[in-house]
Student: 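Before we start, here is the structure in question, set down as structure tokens.
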Amino acid sequence: YAAVDTFEADIGSVVSIPLYIDNDSDAADSYQLSTGSSYALGPVGDLLPGWSVQFFLSDGSGNPVGGAITSTPSVPAGTVDFEIIAMVTLPSDQAQGLYDLQHDNNGDTEATKLDGNGDGDGDYPLFFKIVSASTGAEDVTLDAIDVNVVHATTLTPSGSSQIEVGGTVSYPHTLTNSG
């Protein structure tokens with residue numbers, strides 16, 4: 001699989017992804033919306049733990065409006081680029097938002113690396129699927145989220161002690177890698 005677009009994001013952030021629907025038919029139609037982290041010619045798989053996606057209508061300038069939706073309103077026949085916005089919330093737990101992911105993207109039980117932007121680390125797959133309410137026709141697109149590396153350490157001293165002239169005291173410290 002190859003991602004159409006890859007978005008960089010920090011742990012705990014929200015990414016706005018514009019999606020476009022073309023209704024090439026001769027009749028108005030509405031579409032069911034779904035998203036998941038894997039796809040193998042059927043329903044999209046569940047999102048990975050800690051990740052969430054909500055769909056919104058667009059104001060025409062790429063901003064979400066109104067409440068979250070699970071299907072579109074009626075899209076007129078011949079419409080090109082009916083925009084919806086997927087708001088992707090990344091987990092705040094770094095164990096659920098690794099910067100280098102290997103994941104079974106296609107349901108074959110083999111973990112692979114999706115490198116959407118060519119930087120060498122594995123990105124999080126987001127398969128967006130629409131299904132026509134009137135015909136059952138469907139389409140799937142793949143975007144990716146590249147989680148930014150977090151470099152963070154904490155040095156914690158163990159306390160305090162008294163010392164007399166000529167004496168020595170050892171102060172153990174704890175160095176924690178929270179990146």
Side-chain angles (χ1 to χ4, degrees), residues 1-21 31-40 42-72 81 83-130 139-159 172-179:
Y1 292 122
V4 174
D5 290 307
T6 300
F7 301 85
E8 292 187 19
D10 294 328
I11 288 295
S13 66
V14 178
V15 177
S16 174
I17 299 178
L19 301 168
Y20 302 93
I21 299 172
Y31 302 89
Q32 285 294 117
L33 309 169
S34 59
T35 188
S37 294
S38 63
Y39 177 71
V44 291
D46 292 336
L47 288 169
L48 292 170
W51 291 72
S52 66
V53 175
Q54 289 187 305
F55 297 101
F56 294 87
L57 295 176
S58 171
D59 66 358
S61 297
N63 301 306
V65 294
I69 60 172
T70 57
S71 63
T72 68
D81 290 344
E83 186 178 33
I84 57 172
I85 305 295
M87 299 298 290
V88 180
T89 303
L90 281 70
S92 55
D93 181 350
Q94 291 176 348
Q96 295 176 330
L98 303 173
Y99 79 93
D100 188 12
L101 177 73
Q102 291 208 25
H103 175 67
D104 179 11
N105 299 328
N106 61 4
D108 68 356
T109 68
E110 186 175 323
T112 57
K113 185 183 288 192
L114 172 67
D115 186 5
N117 57 356
D119 65 357
D121 65 4
D123 303 330
Y124 281 78
L126 292 169
F127 292 90
F128 295 105
K129 183 175 183 175
I130 62 169
D139 196 9
V140 175
T141 188
L142 171 61
D143 285 337
I145 302 285
D146 185 10
V147 176
N148 293 324
V149 176
V150 176
H151 299 284
T153 57
T154 308
L155 182 62
T156 308
S158 64
H173 292 72
T174 301
L175 179 63
T176 306
N177 180 356
S178 55

Student: How far does CG of Leu47 sit from CG of Leu126, to the nearest 0.5 angstrom?
Tutor: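 Here the interatomic distance stands at 6.5 Å.
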Student: Provide the closest heavy-atom pair for Asp121 versus Asp115 in the form atom of the first, atom of the second, distance.
Tutor: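 Scanning both residues completely, I find the closest heavy atoms to be O-OD1, 3.4 Å.
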Student: Which atom pair, heavy atoms only, marks the closest approach of Leu48 to Ser37?
Tutor: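 Looking at all heavy atoms of both residues, the shortest contact is N-OG, 3.3 Å.
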Student: Looking at every heavy atom in both Pro125 and His103, which two are closest together, and how far apart are they?
Tutor: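 Here Pro125 and His103 meet closest at CG-CD2, 3.9 Å.
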Student: What verdict does the side chain to side chain contact (heavy atoms under 4.5 Å, CB included) test give for Leu19 and Phe55, after you've listed the backbone C-alpha separation in whole Å, the side-chain angles of each residue and the deciding distance to 0.1 Å?
Tutor: CA-CA 10 Å; Leu19 301 168; Phe55 297 101; 3.9 Å; yes
Student: Strictly distance-based, threshold 3.5 Å: is any side-chain N or O of Lys129 a donor or acceptor partner for the main-chain N or O of Gly42?
Tutor: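 Yes, the answer is positive, given that a donor and an acceptor are paired below the 3.5 Å cut-off.
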Student: Report the C-alpha separation of Ile145 and Asp123 in whole Å, then their side-chain angles, then the decisive distance to 0.1 Å, and conclude whether the side chain to side chain contact (heavy atoms under 4.5 Å, CB included) test is met.
Tutor: CA-CA 6 Å; Ile145 302 285; Asp123 303 330; over 6 Å; no
Student: What heavy-atom pair brings Ala68 and Gln54 nearest, and what distance separates the two atoms?
Tutor: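 Looking at all heavy atoms of both residues, the closest pair is CB-NE2, 3.7 Å.
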Student: Do Thr6 side-chain atoms and Ala144 backbone N/O form a donor-acceptor pair below 3.5 Å?
Tutor: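 No; judged by distance alone, with no hydrogens or angles, the pair does not exist.
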Student: Just do the side chain to side chain contact (heavy atoms under 4.5 Å, CB included) check on Tyr124 and Leu98 with the steps written out, would you?
Tutor: CA-CA 9 Å; Tyr124 281 78; Leu98 303 173; 3.7 Å; yes
Student: For atom OH of Tyr99, decide whether the heavy atoms of other residues, nucleotides or ligands shown that lie under 6.0 angstrom number more than 12.
Tutor: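 Open: at most 12 neighbouring heavy atoms sit under 6.0 Å from OH of Tyr99.
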Student: Side-chain contact, heavy-atom cut-off 4.5 Å: Asp100 with Lys113?
Tutor: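 When only atoms from C-beta onward are counted, Lys113 and Asp100 do touch, with a gap below 4.5 Å.
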Student: Assess whether side chain to side chain contact (heavy atoms under 4.5 Å, CB included) is satisfied between Phe128 and Val53, documenting all intermediate values.
Tutor: CA-CA 10 Å; Phe128 295 105; Val53 175; 4.2 Å; yes
Student: So which heavy atom on Glu8 is nearest to which on Asn148, and how close?
Tutor: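 Minimum heavy-atom separation between Glu8 and Asn148: OE1-OD1, 3.4 Å.
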Student: For Asp104 and Ser38, which heavy atoms make the closest approach, and how far apart are they?
Tutor: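 So the minimum-distance heavy-atom pair works out to O-CB, 3.5 Å.
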Student: Any side-chain to backbone donor/acceptor pair from Trp51 onto Gly97? Under 3.5 Å, distance only.
Tutor: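 Not confirmed, Trp51 side chain does not pair with Gly97 backbone.
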Student: Please check: side-chain N/O of Asn106 versus main-chain N/O of Ala40, any donor-acceptor pairing under 3.5 Å?
Tutor: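 It does not hold such a pair.
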Student: A quick test of your reading: do over 12 heavy atoms of other residues, nucleotides or ligands sit less than 6.0 Å from CG of Asp93?
Tutor: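 Count over threshold, so yes.
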Student: Nearest 0.5 Å please: distance from the CG atom of Leu142 over to the OH atom of Tyr39.
Tutor: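 Between Leu142 CG and Tyr39 OH, I get 11.5 Å after rounding to 0.5 Å.
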Student: To the nearest 0.5 Å, what is the distance between CG (Leu33) and OG (Ser71)?
Tutor: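 The distance works out to 6.5 Å.
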Student: Starting at CD1 of Ile85, measure out to CZ of Phe56 and round the result to the nearest 0.5 Å.
Tutor: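 Going from CD1 on Ile85 over to CZ on Phe56, the span is 10.0 Å.
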Student: Going from CG on Asn105 to CZ on Phe127, what distance comes out if it is rounded to the nearest 0.5 angstrom?
Tutor: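 Output value for this atom pair is 5.0 Å.
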Student: Is there a donor-acceptor contact under 3.5 Å from the side chain of Asp143 to the main chain of Asp5?
Tutor: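 Yes.
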Student: What is the distance from atom CG of Asp59 to atom CD of Glu83, rounded to the nearest 0.5 Å?
Tutor: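 The distance works out to 7.5 Å.
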